[in-house]
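Shown below is the structure under consideration.
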Amino acid sequence: MDVMVIGGGGREHAIVSRLARSPRAGRLYVLPGNGGIGRCAECVPIGSEDLEAIVGFAVERGVDFAVVAPDDPLVMGAVDRLEERGIPCFGPNAAAAAIEGSKAFAKGLMRKYGIPTAPFEVFEDAERAMAYIAAANRPLVVKADGLARGKGVVVAEDADEAAAAVVSIMKDRVFGRSGDRVLIEERLRGLEVTLLAFTDGRTIVPMVSSMDHKRAFDGDAGPNTGGMGVVAPNPHLTPELMEVCTRTILRPTVEAMRAEGRPFKGCLYFGLMLTEDGPQVIEYNCRFGDPEAQAVLPLLRSDLLEIMVAVREERLDEADVRFSQDASCCVVLASREYPGSCRTGFEIDLGGAEDLPGVEVFHAGTRREGDRLLTAGGRVLDVTAVAPTPGEARARAYEAAKRIRFEGVRFRGDIGGVDGEREKVF
Ligand code: AMP
Ligand code: GLY
């Protein structure tokens, strides 16, 4: 089975490295790929939003199966376009991808089906949004409705900051049309959990839970980023809480999407907060998390391609989905200026990091120039270690991370915290 994966970051490297292990996998193509993916697949220089070229390539090469990994092509309808041309896909169609593509849709769904989430209002008019903020006497979060490359959320300290967010989203249009509407919601308090789950629109099978570290610097300081590191499983999600999540959030979401005529097939991402009132949904994504996938997929013991095909064929209930009991830790190696705009093109010396036991180095922003490996983005490499305990996984990931050199390399020193414990917020 020849497989095409759309995307070119660390998440796609983690996905491809698992697909490459499947006995059913034939040729593997990644569009566009990066400087590391070429070791396990053929990288094709077609951008992940160039739907015309993607479909053309798939048809010309007779690709048997496609995995659309990033949010933009999913929301733009890449799966619809490929399926129309007879190419089976792993990933939601555009109607289902709206669960990430429109926060107003996602929040409306949760309200309608009683799925726990922060109370909210949607505004299409900046003046009304400002009036609401002025009248509200509690901490608020302001979100652009559409996709904003992970930057469209402002957790406001006070009313002035919330109002400034409305101005930049709706008036200055910093996220373009994603700011046609804003969503203003109550600020929740608690620890965050990511749950990735396979679903075929009926059955939902959660993967190992994980914990992202979104802030740029140690101690959760600095600006929000796409994610600076992940541990899996999430140390705060007890089996009891997992049962509550499945009953009140996971299953109701899959059922709600089906009832709306938008059955979701693919990987559904639940960004949850464990609040005093129980787990609540902070956000849904229509795809694997990045860098969550780089911590979670190395724990998968069964065949990823078989699972993805089973999702597409709506027989996930028969699929073999097993995870190891080990723990993993993924440390993101970033360029000095990240999350600002970064200088790139620096040579990378991996220093034998990949030879350490249980370690895999996924490439995010890298490219090859002849024999040289160069930096090509803000998040450059994702170093994952798997070990029997969280402490060993963390120690191994850091041992590997410290071997890698490039100009301006920077990573957080506290992924997983001390013994996987972080400050309790409530
Ligand atoms: P999102 O892009 O929706 O995941 O938001 C980015 C980050 O903002 C989340 O990971 C949370 O840390 C924070 N956040 C979003 N919504 C809320 C909320 N209602 N209350 C508290 N924090 C939030
Ligand atoms: N790590 C957060 C995300 O993938 O959206």
Side-chain angles (χ1 to χ4, degrees), residues 7 9-12 14-15 69-72 74-75 97 99-107 110 116-121 136 138-157 161-162 165 169 175 178 182-196 207 209-216 220-232 234 266-277 279-297 330 332 334 339 362 364 378-379 382 412 415 422 425-426:
R11 166 183 56 203
E12 288 73 21
I15 291 171
D71 43 354
D72 284 297
L74 287 166
V75 172
I99 200 164
E100 173 170 4
S102 168
K103 289 186 193 288
F105 167 74
K107 293 291 287 196
M110 289 185 263
T117 192
F120 71 100
E121 295 294 334
R138 55 190 191 282
L140 296 173
V141 179
V142 180
K143 303 184 174 187
D145 177 44
L147 296 181
R149 302 197 181 276
K151 294 178 181 151
V153 174
V154 175
V155 182
E157 290 304 327
E161 206 182 321
I169 295 170
F175 305 116
S178 287
V182 291
L183 206 131
I184 301 183
E185 65 181 38
E186 240 168 65
R187 182 170 174 180
L188 300 175
R189 307 265 172 192
L191 293 159
E192 288 186 52
V193 174
T194 300
L195 278 174
L196 305 178
M207 302 178 216
S209 64
S210 58
M211 179 165 71
D212 193 5
H213 296 63
K214 287 210 168 88
R215 300 298 189 111
D220 285 338
N224 258 324
T225 71
M228 293 299 292
V230 173
V231 288
N234 186 305
C267 172
L268 190 48
Y269 173 123
F270 298 84
L272 308 178
M273 195 169 267
L274 305 178
T275 74
E276 271 180 328
D277 302 325
Q280 306 221 20
V281 179
I282 293 281
E283 64 162 344
Y284 292 117
N285 291 324
C286 64
R287 52 174 175 82
F288 285 95
D290 185 342
E292 284 94 335
Q294 294 91 303
V296 169
L297 290 177
C330 170
V332 174
F362 299 114
R379 290 188 293 177
D382 308 313
R412 274 183 60 163
I415 302 305
R422 287 208 299 174
V425 187
F426 60 87

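As the structure lists them, so they are numbered: ligands from 1, and atoms in each ligand from 1.
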What about Glu186: any of its N or O atoms under 3.5 Å from an N or O on ligand 1?
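Checking ligand 1 against Glu186, an N or O pair does fall under 3.5 Å apart.
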Evaluating non-hydrogen atoms only, which member of Lys214, Arg287, Glu283 is closest to atom 5 (O) of ligand 2?
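Residue with the shortest heavy-atom distance to the ligand atom: Arg287.
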Using a strict cut-off of 4.0 Å, indicate which atoms of ligand 1 neighbour a heavy atom of Arg187.
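Counting from 1, the qualifying ligand atoms are 20 (N), 21 (C).
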Counting only heavy atoms, tell me which of Glu192, Glu283, Gln280 gets closest to atom 12 (O) of ligand 1.
Glu192
Could you pull out the closest heavy-atom pair between Ile169 and Gly152, with the gap in Å?
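What the structure gives for the nearest pair is CD1-O, 4.2 Å.
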Within-shell test, Tyr269 vs ligand 2, heavy atom, strictly < 4.0 Å:
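Yes, Tyr269 has a heavy atom closer than 4.0 Å to ligand 2.
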If the threshold is 4.0 Å, N to carboxylate O, is there a salt bridge linking Arg412 and Asp220?
yes
Arg11 and Gln294: CA distance, side-chain angles, deciding distance, side-chain contact (heavy atoms from CB on, under 4.5 Å) verdict:
CA-CA 6 Å; Arg11 166 183 56 203; Gln294 294 91 303; 4.0 Å; yes
Taking the ring of Tyr269 and the ring of Tyr284, is the distance between their centroids below 6.0 Å?
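Between Tyr269 and Tyr284, which both carry aromatic rings, the centre distance is not below 6.0 Å.
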What's the spacing between Lys214 NZ and Thr194 OG1 if we round to 0.5 Å?
6.0 Å
If you measure every N or O of Asp212 against every N or O of ligand 2, does any of those distances drop under 3.5 Å?
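Between Asp212 and ligand 2, an N or O pair is found under 3.5 Å apart.
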Which of the ligand 1 atoms, numbered from 1, are nearer than 4.0 Å to a heavy atom of Lys214:
10 (O)
Any nitrogen or oxygen of Gly227, side chain or backbone, less than 3.5 Å from one on ligand 2?
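The answer is no, given that Gly227 and ligand 2 share no N or O pair closer than 3.5 Å.
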Heavy-atom distances under 4.0 Å decide this one: backbone, side chain, both or neither, for Asn285 against ligand 2?
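Under 4.0 Å from ligand 2, Asn285 contributes side-chain atoms alone.
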Between Leu188 and ligand 1, find which residue part has any heavy-atom pair under 4.0 Å and reply side chain, backbone, both or neither.
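Both the backbone and the side chain of Leu188 come within reach of ligand 1.
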To the nearest 0.5 angstrom, please state how far the CD atom of Glu292 sits from the CG atom of Leu297.
11.0 Å
Do the side chains of Val154 and Glu161 get nearer than 4.5 Å, heavy atoms only?
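Counting from C-beta outward, Glu161 and Val154 do come under 4.5 Å.
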Does ligand 2 have any atom sitting under 4.0 Å from a heavy atom of Gly289?
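So Gly289 counts as touching ligand 2.
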Ligand 1 versus Glu185: contacting region, heavy-atom distance under 4.0 Å:
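The side chain, only.
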